[in-house]
Amino acid sequence: MRNLKLKRCLRFNTSGSLGSPQCSAIRSETGTVLIGSGYGFVEFDPNSQEIIKDISLTAANFLPEDGNGHLVGIQDVPDQESVCVATSTGDVLLSNINTGQLECVGSVDSGILAMSWSPDQELVLLVTGQQTLILMTKDFEPIAEKSIYQDDFGEEKFITLGWGKKETQFHGSEGKKAAQQKIMAVQPALPWDDHKPRITWRGDGQLFAVSSVCKETGNRKIRVWNRELALQSTSESIEGLEQALSWKPSGALIASSQSKPNKNSIIFIEKNGLVHGEFTLPFIKGQKKVKELLWNSDSTVLAIWLEDVEKEGSSSSCCVQLWTVGNYHWYLKQNLHFGNNKMNNVECLMWDPENAYRLHIICTGWHYFCFDWFWSTDCSDGGQGDVAVIDGDKVLVTSFQHAVVPPPMSTYFIQLSCAVNEVAFQLDPKESSGLAILDSANTLSIYRYGNSTVNDPTVKLEAVGGNGFKTSYKTPKLEKKLRLPSNLCDVQPLNFRLLTWVQDDTFIAISQEPNSSISIVHQMTADQMDGQDINVRDVGTITGHVISLCYSSNTKHCAIQTSNGQLWKYLWENPTPVVEPWIDGMGHKVKFPQPCLQTALTSIEGEEVVIGLTERSRLFINSSEVASNITSFHLYKEFLLLTTHSHTCRCVSLQDTSLKALEAQLNSTSNPNDETIRKVERGSRIVTVVPFDTKLILQMPRGNLETVHHRALVLAQIRKWLDSLLFKEAFECMRKLRINLNLLYDHNPKAFLDNVDLFITQIGSVNYINLFLTEIKDEDVTKTMYATASLITMQSSQGAKAKKVDIICDAVRTAMEKLDPQKFCLSILTSYVRKTKPELEIALQKVHELRESPSTTVVSADEALKYLLFLVDVNELYDYSLGTYDFDLVVMVAEKSQKDPKEYLPFLNKLKKMEINYQRYTIDKHLKRYRKALRNLSKCGSGYFAEFLNLVKDQNLYTEALELYQHGTVEYKAINAAYGDHLVSKQQYELAGLIYARCDSTEKALDAFVASSNWHQVMCMASQLEYSGEKIAALARTVAGKLLEQRKQADAAVLLEQYAEDYEEAILLLLDGAHWEEALRLIYKYKRLDILETNLKPALLDAQRNHMILFENQKTTFTRHKERLSVVREMKEKARQGLLDEDMTGCAEADLFSETSSIMTASNASGKYSQSNSRISSRSSKNRRKAERKKHSLKEGSPLEDLALLEALAENIKMVDKLRGDVHSLLKVLILFEYDTMAKELQQAYDDLLQLFETSILDIWPPGVQQNTAAPILGPHSTANSISISYQHQRNVNTSVQDSELFTAPKLSKNIQWKLCVLQQYEDFL
C-alpha cells in the first residue's frame, strides 16, 4: 500500500549538440550519461551540468556529415576503458575514454540493426541486415552466427505423450465442431511497428530473447537463445504482438505488448514461449502505441514508453508510465506526460543500473531528465485511519478503522479523469480531514469529509455496499478543482513534488530551477473558486536538491532535507515565511550523515527532533545514528514503531526517554519478557496505526495485510481509558486481546476503589463481573507482567492490612449489594468464593435465603447452587455445608451432587439424634476441624473427658486444651501431665520439666531437668523434695559428671564445691577448663597452696606450649592455603581468557555439565553419570548431606578448590581470633608466676599470627570478588533446551548462594584488648 513518489528531478538542456538523440547508456563508475546521435556521441555529467566529451564520428567517415547516419547502440565497456558504438552501416567502434581515439573493431557488410551487451559484459550480440545473429566475446571474437528465423522450436521443445489426436478429444460445450476448426492465420505486424528487432537479456546473462518480424507470415515472434547461441524456445503465435520487449531481471518472465481486438495489454511470456499473465493498459484501442518496455534493476517497476498513434491533422504526444505489481494486481503509479511539442518527445529511456529507482529520459530537443523515485505510504494522521493508494486514474482508499480490506480491493475509490501523480492528506488535526489529489493534467482536486448526504459520483464503494447495505463510515465529497498555473507546469512533468497539505487552504510544494541545483519552496493558497488557478508564490530557495519534506501539526514546523542530508526549517506561518537551517538544542546545525528517504518530526526530552530512515536501513535522529537494521518506522502519538531486519516490531515510548537511552534500547538484546518487541513475518513493513485504536497494520512482501495489536499500544490505550474512568472500553479491549484483568485494579488501586460503583454500572454484565473476580490474584501485574508499560501506581490505604483479592471482593460486593443485589446475585456469590479464605458458609447461607424467599429474586436457589457447584468442588461444598450445622442446607447441597442418598442420609439421621454439642463435635471431627471439635467436646461435660484427652493426644492439641480449663482443676493437671509425657517422648526434657513442675509432678520434673543438665532447676526440685545432704551430694556429683561430658567445667566445679564440698576436685576441673583465676580463688579460699606447685604451674606451662604449637601449625596451614589460592585463581583467569589448551574442570559451572545430560552430550568425565545412574537426579537426604560435605574439597584440581580454600582460610582466621580471651587470661597468670619469657613468646607469636591475617585479608578477599548469578530465562523466545539449561544453572547458582559467606572476609575482633602492656615494655627494653 505504497505510492511511488518523486524524490528529485534534474532537468538540463544539452542542446549544444548536433542532430537528435538516438541511443544512450550509463557509465556506472562516473554516473555520466552517454548519448549517441547522427553525428557521434557525447558524454554528459548531470552533476556538473556539462558535456565532458563530444566524440565526432563524421570526421572519420563512420557517419555521413549531413547527420543522416544512425547509431543502433552504445555501451560503456569499463574493462577496456572504452565506449562501444555500432552504426547502422555495420561498423563496430571503440572509443578510448581517456584519449578519445576511435578504433573500428569489426564491420558487417549488410549493416547492423541492433547491438546488445550481456549484463556481465562478457558477450556482445549483433543483429545484421541479413537477419542473422552474431555472438562475440567482449574482445570481439566470434562465437557463433545463426539466422534469426529458425524452423525448429528449440531445445526445450514440448514432448507429446501420444494420448490421442485432437479430433478424438473432448471439447466441452464447443462440441465436436471444435475439433474440425482450423487454426486462423496470424495477422501481420501492426502498421506502426518499425519492424526492427529487439534484444533483451535475462538478469544473470545466461539467456537472451530476440523479437523479430517473420519474413513469411509478417508477424512478430520471440525466440530465446542461450550464451552459445543455441535456440531454446520459440513463442507461440500471438495475435497483435508488438515490438516492445524486456526481460524481468530477477524473474523468468519476458514483458511485451499485445494489441487485442478491443484493448492493448502488456503480456508476460515464459522462457518456454507460453504466455503467463497480462494486464490491460488504460487507453482506448488505437489511441496509443507501446514503443518500449523497460524493467528497473530490482524488477519492482516496469516503465512503459507510450506514443500517440499518428493521425492526420493532429500532433502526437508521448508519455512514460510507471507500473508496479502487488497481490497479482498491476498499479499505474506515475504518468509522465511530455506534451505535444515535438522537441519534448522522448527519444531515449533507461533505468540506472546502480540506483534502481533512477530513471533517465532524453528528449528530441536534447532535454535531459533524471527522475529519482522513492516509496511512500500516504496515510491520514487522524480520522478513520485512511490509507490512499494510487492506481492510474483511481485513488484506492482503505479506512482501517472500520475494516481491514486486503489490496487490491479498498473501502472505496475516487475516480479521476486522468492518471494521478500524488496524494496528500490534510495534516491539521483541528480542521476536518480531507484529501488532495494532483493528477497528470496538473489539476488539484480537493476532497473533504463532511456531513453532506449527497453522494459524490466520483467516490464509489468497492469492498462494501450494495443493495440493502448502509455504510457506517464517512466518504469524502469533492469540494473543488483548481488548476496549477500552466506557465509553471509546462516546463516539465511533475514540476511540483512533495505536495504537503499543512492547513485548511494552504499547501507546500517543491520545484527545481532548470539547469540549476537550486530548489524553490512554494506555498499554495487554495481559497479560489472551483476551476480557477491556484495561487502559487515562491517563499524561499534552498541551495541543493530537496529530497524530503515533513510537517508537524503540533509545532507547525516543516523540516526540509536536501540531497546532502542537510536539514532546513521552514516557518510558513510567519508573516514573511522563512527558510533557515535546522538547529539542535546544542546550537549545532543538523545534518543527516546520509540522505534519508523517510523523515518525520517528533519531540524527545522537550526538543523537536527529525527522524530519518535511509534506503540502507539506517535510522537517524538529528545528526546521530540510533539503529542500523530498521526497515520502516511510523510515529503514533508518543510512540515510535519500527520494523527490523531481524523480523521484529518494536514500539518505543518517546515520552520518558532520552536519545542515548533510545539508542541503547534499540541496539541491545531484548529481554524475553520485553513487551515493546514482538516477532513479525519476514519482510513486514508498517502501513499505519489506526487512530484511537490499538491496531497496527503491516504489509507483507507479497502485498497482503496483517493486523496486530502491539502490546505496548494496547497497554497505553488501556491506561488512557482507565485514567478517564472508561472501565467498559478497557475491559472489552482486555478481554478481547487477553490482557490480564488485574490491570484494572493495579493501574490505580485508589481510583478503582473510589469508583467501584461506576465500574459495576459500566460493565453491567454479570458474566463479565464474574470473569473479573475469578481472574484477580494477589500480584501487582504493573511490577511483574506489565512492568515495562506500567505507570507509578498509588498504593491503597488498605493494602498493608488486607490482601488485594479480599479488598477487591469486599469492595465489589458492597457496590453490587447497594446497586442491585438481585441482579448481581451470582457475582456476589463469586465474591465470597474468590476470597483468600473462601467464605463458603456465607455463600451457602445466601443460597438458603433464596430458597426461603424465591418470589423476590431474579436468580432461583437452584441456579445459584448450580453456579456454586461450578465454582467449587461438590465434595468441598458438601463439607462446608455440613460445617454450618444446618441440615436443610446440607440436604440441599447433597441433592445437587452425585452422592447416593444411602450414603449421607443415615449419617445425617444419626447426627440429629445426638446432643447439640456432641453433634457439632462429631461433625467437626468428621471434617477434621479438630480445634473446633475439641472446643465443642469440652462443653459436653466431665463424662467425656477421657475422649477429650484421647483427642488431645492424637492431634497434639495440648496448648489448645489447656486454654479450655481453669488452672488448678483436675482436668488441667491431667492435661499438663500428658503434655509433659509427650515432651519427654520428643526429648524436649527442659520444657517437659517446666510442665511437670506446673502440675506438681516434682519427681518427674527432677528427672526431666537432670536429663537436660539444667543443674539450677535440679537443685530447686531437690530442695522441694527435701533431699538429705548425702542425697543432694550424690545428685550433685551425677549432674557434674553430665556437665563434664559437655565440657562445662565451670558449672561442674560449682556443684562439687557448693553441694558435694569436694574442693580439690572442683579446683582440678577449673584447671582442666583453663579457668585460671577462678582456680586461684578456690586455692586461696580453702588454703590448698600445695596445688600451686603440683597442678597449677605444670598446667600453665602445658597450656603455653600447646598454644605455641597451635599458632605455628595455624600459620603454616594458612600460608600454604593462601599460596595455593593464588595459583588456582591465576589458572582460572588464564582459562577464562583462553590461554590454556586443556579444559578447566575447576570452575563453578563444572556441575552444570554433569547434570544436564538430557540436553548435552557426554563430552566430559562427569557427564557420563547423568545418563547411566538415575540416582544422581534423586539423591536421598543422606547422600545429599554427604555430597555437601564433599563439595568443598581441598584436593588439588577439584571442581570447587578455590571455594574450599576460602572456607579453610576463613575457618583458620575465625578459630584463632576467638582465642583472644583465653590468651589474655593465660598471659596474666604467666606474669603472676613470673614466667615472663614464656608470656612474651606467647604474646609475640599470637600477635604475629593476627598481623598475618590482617595483611592477607585484602589479598584473599579483594573487593571485586563475587559469585556469578543468573536468573532463569523464560519468554516467547526461549526453547526447551535453553530453559532446562537455565534452571540447571540456576540450581547450581542457588547452591553457590548458600556459600555467599565465603566471599565475605571475616572480621577480626579488634575491640578486644588482649595484650599486656608490661610485656610490650619488656620487649622494648630488650
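Between K1228 and E1077 the shortest side-chain heavy-atom distance falls below 4.5 Å. For the pair Q1313/R1220, no side-chain contact is recorded, criterion being any heavy-atom separation below 4.5 Å from C-beta on. Residues L715 and L743 have side chains in contact (heavy-atom distance under 4.5 Å, counting atoms from C-beta outward). For the pair Y786 and D746, the minimum side-chain heavy-atom distance is 4.5 Å or more. Proximity of E1057 to D1062: side-chain heavy atoms (C-beta onward) are nowhere separated by under 4.5 Å. Using a 4.5 Å heavy-atom cutoff, the side chains of Q1017 and N1014 are in contact. Looking at H1121 and L1206, their side chains never come closer than 4.5 Å, going by heavy atoms from C-beta outward. When side chains are defined from C-beta on, D1072 counts as touching R1047, because their heavy atoms get closer than 4.5 Å.
T1255 contributes a side-chain N or O that, together with a main-chain N or O of L1252, makes up a donor-acceptor pair within less than 3.5 Å. With hydrogens and angles ignored, the 3.5 Å screen pairs no side-chain donor or acceptor of E605 with any backbone N or O of S658. Side-chain atoms of T1116 come within 3.5 Å of backbone N or O of E1112 as a donor-acceptor pair. The backbone N or O of A1103 sits less than 3.5 Å from a side-chain atom of H1107, completing a donor-acceptor pair. A donor-acceptor contact shorter than 3.5 Å is absent between the side chain of S1309 and the backbone of I1312. Checking side-chain atoms of N1212 against main-chain N and O of Q1114 turns up no donor-acceptor pair under 3.5 Å. For N1113 (side chain) and I1109 (main-chain N/O), a donor-acceptor pair under 3.5 Å exists by modelled atom type. Proximity of a side-chain donor or acceptor of N667 to a complementary backbone N or O of V626 within less than 3.5 Å is detected.
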Next item on the list: Please lay out, stage by stage, how D780 and T782 fare under the test side chain to side chain donor-acceptor pair (under 3.5 Å).
Entry: CA-CA 5 Å; D780 189 350; T782 62; 2.5 Å; yes
Check: Can L1219 and D1222 be said to form a side chain to side chain contact (heavy atoms under 4.5 Å, CB included), step by step?
Finding: CA-CA 5 Å; L1219 298 177; D1222 295 342; 3.9 Å; yes
Margin query: side chain to side chain donor-acceptor pair (under 3.5 Å) for D1247 and Q1243? Distances and angles first, verdict last.
Written below: CA-CA 6 Å; D1247 187 48; Q1243 179 168 303; over 6 Å; no
Checklist line | Verdict with supporting geometry, L1110 and V1216, side chain to side chain contact (heavy atoms under 4.5 Å, CB included) | finding: CA-CA 9 Å; L1110 174 65; V1216 173; over 6 Å; no
Margin query: Checking W1261 against T1304 for the side chain to side chain contact (heavy atoms under 4.5 Å, CB included) test, could you report, in this order, the C-alpha distance in whole Å, the side-chain angles of both residues, the deciding distance, and whether it holds?
Written below: CA-CA 7 Å; W1261 290 276; T1304 304; over 6 Å; no
Next item on the list: Would you sort out whether F1009 and Y989 count as a ring-ring contact (aromatic ring centres under 6.0 Å, His included), showing the intermediate values?
Entry: CA-CA 6 Å; F1009 287 131; Y989 299 111; over 10 Å; no
Note to self: For D1248 and K1115: C-alpha separation, side-chain torsions, deciding distance, then whether salt bridge (charged side-chain N to carboxylate O under 4.0 Å, His left out) applies.
What the structure shows: CA-CA 9 Å; D1248 292 344; K1115 182 176 182 180; 5.6 Å; no
Check: Could you walk me through whether Q1049 and L1044 pass the side chain to side chain contact (heavy atoms under 4.5 Å, CB included) check?
Finding: CA-CA 6 Å; Q1049 293 91 342; L1044 188 60; 3.9 Å; yes
Checklist line | T836 vs K803, side chain to side chain donor-acceptor pair (under 3.5 Å): CA-CA, chis, key distance, verdict | finding: CA-CA 8 Å; T836 306; K803 291 186 177 182; 5.0 Å; no
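Considering every non-hydrogen atom in both E625 and S628, the closest pair reads OE2-CB, 3.4 Å. Pairing each heavy atom of A1005 with each of G993, the nearest pair is CB-O, 3.5 Å. Nearest heavy-atom pair across L1055 and A1040 is CD1-N, 3.8 Å. What you find for M785 and K777 is that their closest heavy atoms are CE-NZ, 4.5 Å. For I1260 against R1129, the heavy-atom pair with the smallest separation is O-NH2, 2.8 Å. When every heavy atom of T657 is checked against every heavy atom of L662, the shortest pair comes out as OG1-N, 3.8 Å.
Considering OH of Y958 and CG of L983, their distance stands at 8.0 Å, rounded to 0.5 Å. Separation of atoms CD (E1201) and NZ (K1195) is listed at 10.5 Å; rounding is to 0.5 Å. Note that the CD1 atom of I1091 and the CD1 atom of I1067 stand 4.0 Å from one another [nearest 0.5 Å]. Atom-to-atom distance recorded for L666:CG and T644:OG1 is 10.0 Å, nearest 0.5 angstrom. Note that OG of S1256 and CD1 of I1213 are 7.5 Å apart. Values are rounded to the nearest 0.5 Å. Atom CG of L1209 sits about 13.0 Å away from atom CZ of R1124, to the nearest 0.5 Å.
The residues D1217 and K1214 are annotated as not salt-bridged, no charged nitrogen and carboxylate oxygen being separated by less than 4.0 angstrom. Salt-bridge check for K986 with D981: failed, with every basic side-chain N at 4.0 Å or more from each acidic carboxylate O. A salt bridge does not link E779 with K804: none of the charged nitrogens is closer than 4.0 Å to a carboxylate oxygen. Ion pairing of K1097 with E1093 is present here, as a side-chain N (NZ or NE/NH1/NH2) and a carboxylate O approach within less than 4.0 Å. Salt-bridge check for E1130 with K1134: passed, with a basic side-chain N closer than 4.0 Å to an acidic carboxylate O. Using a 4.0 Å cut-off between charged nitrogen and carboxylate oxygen, K660 and E663 do not count as a salt-bridge pair.
The one candidate from Q1046, E1045, E990, K1048 that meets the side-chain hydrogen bond (donor to acceptor under 3.5 Å, both in side chains) condition with S1013 is Q1046. Here the rule is side chain to side chain contact (heavy atoms under 4.5 Å, CB included) with W1076, and of L1232, V1229, L1230 only V1229 fits it.
Between W1314 and Y1246, the ring planes are perpendicular. Angles over 60° get that label, and only those under 30° would be called parallel. Classification of the H982-Y979 ring pair by plane angle, with boundaries at 30° and 60°, yields parallel.
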